[in-house]
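First up is the structure itself, then whatever we jot down about it.
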Amino acid sequence: MSDRKVRVRFAPSPTGPLHMGGVRTALYNYLLAKKLGGDFILRIEDTDQERLVPGSEQYIIDALKWCGIEPNEGIGFGDGPCAPYRQSDRKAAGVYTQYAQQLIDAGHAYYAFDSKEELDEQRKRFEGMGKAFAYNAVTRQNLKNSLTLSEDEVKKRIESGEHYVVRIKIPRNEEIRLQDIIRGWVVVHTSQLDDKVLYKSDGMPTYHLANVVDDYTMNISHVIRGEEWLPSAPLHVLLYRYLGWENVMPQFAHLPLILRPDGNGKLSKRDGDRLGFPVFPLSGELTDTKTGKPETFTGYREKGYLPDGFINMLAFLGWNPGTTQEIFSLNELVQAFSLERVSKSGAKFDPEKTKWFNQQHLRMRTDAQLAEALIPLLKAIGIETTPAFAQEVCRLMKEKVQFTHELRDQGMFFFNDPEMYDADVIKKRWNEQSAGFIAKVKDALAAATVWKAADLEATFKATAEANSINPGSVMQLFRVCVSGAGGGPVLFEMVELLGKETIARRLEKALNTIGK
RNA sequence: GGCCCGUUCGUCUAGGGGUUAGGACAUCAGAUUUUCAUUCUGGUAACAGGGGUUCGAUUCCCCUACGGGCUACCA
């Protein structure tokens, strides 16, 4: 069993945009598959037709693509030998009924005719007694199902078209043990389990049946999913057992949850809105099935995050390589990854560190790569530039920013003459001598024969000293005259890049504006 | 309520029967860049509590507390 080919799957349900917790689950699946030379499959679990949100399937595909963690098999990435990969399609192809029937025939499942209303009634009744209702070994004897009704009666009801579900018959007194790669042995007594619905009255299997059948038929070797599935894992073990597949049952790994940054609880869309960070990889708009209203949401991509920075951050939310290295490319993550080093406890998401990860990855990009991202951002606000100039801007700006759009926003002065001059600096540094000095610098620079940063700096200093001025005291003022901003990249490199004419024009403008 | 899972600096975490409990983000303070938003150096800061086991527990066991998840004909 240990030498079996690794096949893992990411199996989201298309009920809305994929959020970052889902992306992390996909990532860990991807990393394990690549590390072990296995397959990574995307399977769409759309057995709940009511909650289906049109467009979310495409969103999931686009998100995985942007993140660079593409499945090599499944919806949106090419069919493999286990097609179809959408559970509604598999249901239509009849893959589930035979297994439900197999369970019924073996006495491990049964028909139940109780209506939703009747069950609600039961729940209320139990609640009144201070107990929780469960459809289980005790209560099933007093409910309407094929265990209490006569064979004829059951037949009659089914043939008359009465709605029914198929439920698993949980044994009364057994201990289910399962080994989780992350948590070790987990033991649950069957008296704590209830007779979960396997087949719904609308003809669809539930997650529990579909998931087990699909993992078996798709030859899945490892099930890597969120911790919210841990309580139902024993049920799945039982299903594998009753279907006769326990010897090829996948290994389980239940991931810790991603928690909100403040307080406690699972990270949700609301937290992002409230605290001002994205919860989704991509921006978009999907229509909520219940309200019928389109809901928009913002993504990491649109906020200027690089996919590899985003992925790097996600990888470290609940995993670490055991070394002090924190910055990893996707390929390096593949090499370093192991499920054994995934931690057990939930991790609070940290938006600040996420920015830091992004910054680190941004710095690893070449100037040309950054320019490629910068040019369209400029174009979007009507600024045209050359690749060569954009690349130089990136070279000077990249140590100063965390996001690609900051390359533009904080580097506006490379493209436009300043409209405003940093008021604090003016207030602090501008005095009666200033205009005279700037005018002299302007003339000195206009006379420059070599337009290189080092020479320009020397010229500037010489001009200052010739006028008995400490160069340090006027440098920032000069910067403001040139760019409008009190801070920025290395001053004279910036001056060199801006060029002789631009500098002359801007100094002229500054003289005509400041102090007037 | 019941069941399951968890608990090391504010946050992500390393470690693990005897350590000055390590790193990173954030934060604070210095330095340097005769400007700055970069960089460097340093500081503050943690084993939830109580019982065991042990020569010795933060580490192993139990209990409590706290947190989270599940408890649907949702996934």
Side-chain angles (χ1 to χ4, degrees), chain A residues 11-15 45-48 50-51 87 112 114-116 119-120 123 127 130-135 163-167 180 182-183 186-189 191-194 196-208 210-211 225-234 254 256-257 259 261-266 313 316-327 341 343-357 359 363 397-402 406 410 422 425 429 461 464 470-480 485-492:
Chain A
S13 62
T15 52
E45 309 225 329
D46 60 345
T47 51
D48 186 353
E50 281 180 33
R51 292 204 313 153
Q87 288 182 333
D114 318 271
S115 71
K116 217 166 176 170
L119 291 174
D120 283 344
R123 280 191 194 99
E127 212 174 296
K131 286 183 186 170
F133 170 75
Y135 210 118
H163 282 300
Y164 65 88
V165 300
V166 175
R167 286 181 183 271
D180 185 281
I182 296 167
R183 285 149 212 284
V186 176
V187 184
V188 176
H189 196 92
S191 61
Q192 305 303 328
L193 268 28
D194 62 340
K196 279 270 179 301
V197 170
L198 263 22
Y199 230 89
K200 303 189 268 188
S201 58
D202 66 358
M204 278 294 213
T206 60
Y207 170 84
H208 300 108
N211 147 274
R225 79 233 292 192
E227 191 186 13
E228 68 268 26
W229 293 109
L230 196 51
S232 54
H254 289 94
L257 265 15
L259 276 15
D262 64 334
N264 294 297
K266 208 158 61 158
M313 174 279 293
F316 270 73
L317 230 42
W319 172 86
N320 77 84
T323 66
T324 54
Q325 184 184 349
E326 290 198 271
I327 300 305
R341 292 204 65 90
S343 50
K344 295 177 173 59
S345 50
K348 284 187 185 174
F349 170 66
D350 184 348
E352 289 308 314
K353 193 151 186 179
T354 304
K355 289 180 190 166
W356 177 79
F357 272 112
Q359 182 178 30
R363 286 183 187 174
M397 289 300 293
K398 86 187 208 192
E399 297 299 314
K400 306 277 174 186
V401 302
Q402 288 182 310
E406 290 176 346
Q410 292 181 32
D422 188 307
V425 176
R429 299 284 192 193
K461 285 181 178 169
N470 175 8
S473 70
V474 284
M475 241 170 162
Q476 199 178 11
L477 194 58
F478 175 62
R479 173 190 286 279
V480 170
V490 190
L491 181 51
F492 289 97

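None of these values were measured; they are calculated from a predicted model.
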Margin query: Can a donor-acceptor pair be found, under 3.5 Å and without considering hydrogens, that links the side chain of A:Q476 to the backbone of A:G486?
Written below: yes
If you look at every strand shown and take non-hydrogen atoms under 4.0 Å, does [X] touch a base, only sugar-phosphate, or nothing?
X: A:K461; value: base
X: A:R225; value: nothing
X: A:V165; value: base
X: A:D114; value: base
X: A:L257; value: sugar-phosphate
X: A:T47; value: sugar-phosphate
X: A:R167; value: sugar-phosphate
X: A:T15; value: nothing

For B:rG2 versus B:rU64, give the span between their P atoms, rounded off to a whole number of Å.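 The same atom, P, in both gives a distance of 11 Å.
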Margin query: Given B:rC12, B:rG2, B:rG23, identify the nucleotide with an atom nearest to the side chain of A:A347.
Written below: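 Ranking B:rC12, B:rG2, B:rG23 by closest atom to the A:A347 side chain puts B:rC12 first.
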Watson-Crick or G-U counterpart of B:rU35, or none if no pair lies under 3.5 Å: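 Looking at the geometry, B:rU35 pairs with no nucleotide.
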What is the distance, to the nearest angstrom, from the [atom1] atom on [X] to the [atom2] atom on [N]?
X: A:K344; N: B:rC12; atom1: NZ; atom2: C1'; answer: 17 Å
X: A:R429; N: B:rC36; atom1: CZ; atom2: C1'; answer: 11 Å
X: A:Q402; N: B:rU38; atom1: CD; atom2: P; answer: 9 Å
X: A:K196; N: B:rA75; atom1: NZ; atom2: P; answer: 11 Å
X: A:I327; N: B:rC25; atom1: CD1; atom2: C1'; answer: 11 Å

